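To start, the structure itself, in structure tokens.
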Amino acid sequence: MISMFRINLYVFVAVLFGISLRAEEKPVSYYNDVVPILKRSCTGCHHPGKLKGELDLTTHAAFKKGGKHGPAFKEGDPKSSNVIEEVSGKEPSMPKEGDPLSTAEIALLERWIAQGATDDTPAEKKNPFKIAEAPIYSAPGVISAMAYSPDGELMAISGYHEVLLYKSDGSDLVARLLGDSPRVESVAFSKDGKLLAVSGGAPALMGEIQIWDVQKKTLIRAIQLSTDSIYGASFSPEGDRIACGGADKSVRLINVADGKELFKFDNHSDWVFGTTFTLDGKRVLSGSRDRAMKLISAANAQFIDDINKLLENVICIARHPKEDIIAYGGEQGGVRTYKMQENQGRTAANNDVNLVREYERQPAAVHSICYSPDGALLAVGGSSDEIRIYKTLDGSRTGTCKGFTGAIFSLTPHPTKPLLAAGGFDGKVRVYTLPTGQETNSFLPFPIKNKPVASR
């Protein structure tokens, strides 16, 4: 009896030991087991928008690369892995904020590294923003950005995950440029028309710049810059750099040749909606919701000056085509033009010395503004359903464009003809004559199910 009891006890213990051993040997999943730990305790301080210790823990590749102290882990060797050293001990170095990792979580990380630290992230999860094919619209989309090509042959129009490239008269859809950004916030052609810059992103998740070859209709590169949307892309006069703003309050300068970030300017205190270069390309000007337009050295990101008096949130900007003069549209309906230079002449009696002209206040917030190619006219659109056209010489109004059923978010002048194209909330492109504002053409750019692509 005693022998049988011992035998059964040994068998029971062996079974338990086997179960425990199998549990220990079970492969640890990076995606299912490790990522939840990182999201809960680590990525709040270690993501592209906040790289503490130069460490990004949002992807396996970035985790492996590590930060300023070297690679975060060594496959197969948890004892030599920096991440284990940082999270272990009676007083672990990480995380800096919140509760330390539990013993079980640390053991799981050790097992994952010991097992080779493989990446089992599903392919569709590595880029959750990628779409397989062009969208089919059930209704017209909101047009947030538009631009004529420098030769006037094409028009780039924002869509969902795409830019629609049309013949400038709307007669033919030439190409659909698909990208990762669900929201396209700005489009800009290089001066020679060979490149198209697209900014956008997924709010609070991702922000990027796309650079397209216009002739080949192919993506040269997409550069993820932030964990929030990117706005106001603009090319340098030489076409070798792209400036952009962002919801992360930054201004960035990107090298077109390799996509590298040349500088990141962090002196704004709110979202940056617009950027542009001076005519010589030596300075960048940014416009922000913090009410400031800041002049920045394009060579070293040195802050030069606020060029304007801080009166209202700056929503959109446009540079004069022939002079270093900037026009802005404000959240309170203000429209003003300024010299793009230091504000050194200001005094207690006059601290807005760069002001060139203040135009009549608009009936609502201004979302879009542009000059005619010769700089003689300034067009303004916004939350009201009309566009107003002004002479820059004296600020008088020359015409009013009607026909919209909602806000106007984008204006673009034809480079060789006296025409102004506009788009906004109702999803229709309308084209007006300058300077009177008479509508001459309109079309729906979105491929709507069971409807023709372009409807005149």
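One-based numbering along the sequence shown. Everything numeric here is computed off the predicted structure, so don't read it as measured data.
Using a 4.5 Å heavy-atom cutoff, the side chains of Leu154 and Val214 are in contact. The side-chain heavy atoms of Ile387 and Tyr432, taken from C-beta on, include a pair separated by under 4.5 Å. In this structure, Pro413 and Tyr371 have side chains that are not in contact, with every pair of non-hydrogen atoms separated by 4.5 Å or more. Inter-residue side-chain proximity for Leu285 and Ile296 is flagged as unmet; no heavy-atom pair is nearer than 4.5 Å. Here the side chains of Val366 and Cys316 are in contact, with some heavy-atom distance below 4.5 Å. In this structure the side chain of Asp352 reaches within 4.5 angstrom of the side chain of Tyr338, judged on heavy atoms.
Residues Glu360 and Arg388 are paired through a salt bridge, judged by an N-O separation under 4.0 Å between the basic side chain and the carboxylate.
Taken to the nearest 0.5 Å, the CD1 atom of Ile37 stands 12.0 Å off from the OG1 atom of Thr43. Note that the OG atom of Ser396 and the CD1 atom of Ile389 stand 11.5 Å from one another [nearest 0.5 Å].
The one candidate from Arg336, Arg291, Gln332 that meets the side-chain hydrogen bond (donor to acceptor under 3.5 Å, both in side chains) condition with Glu312 is Arg336.
Using the six-membered ring where Trp is involved, Phe265 and Phe303 have ring planes that are tilted, between 30° and 60° apart.
Both the sub-6.0 Å distance and the 45° axial angle are not jointly satisfied by Arg183 relative to the ring of Tyr160.
Without hydrogens or angle criteria, Tyr166 side chain to Pro445 main chain gives a donor-acceptor distance under 3.5 Å.
No close placement of the Phe409 and Phe425 rings is indicated, their centers lying 6.0 Å or farther apart.
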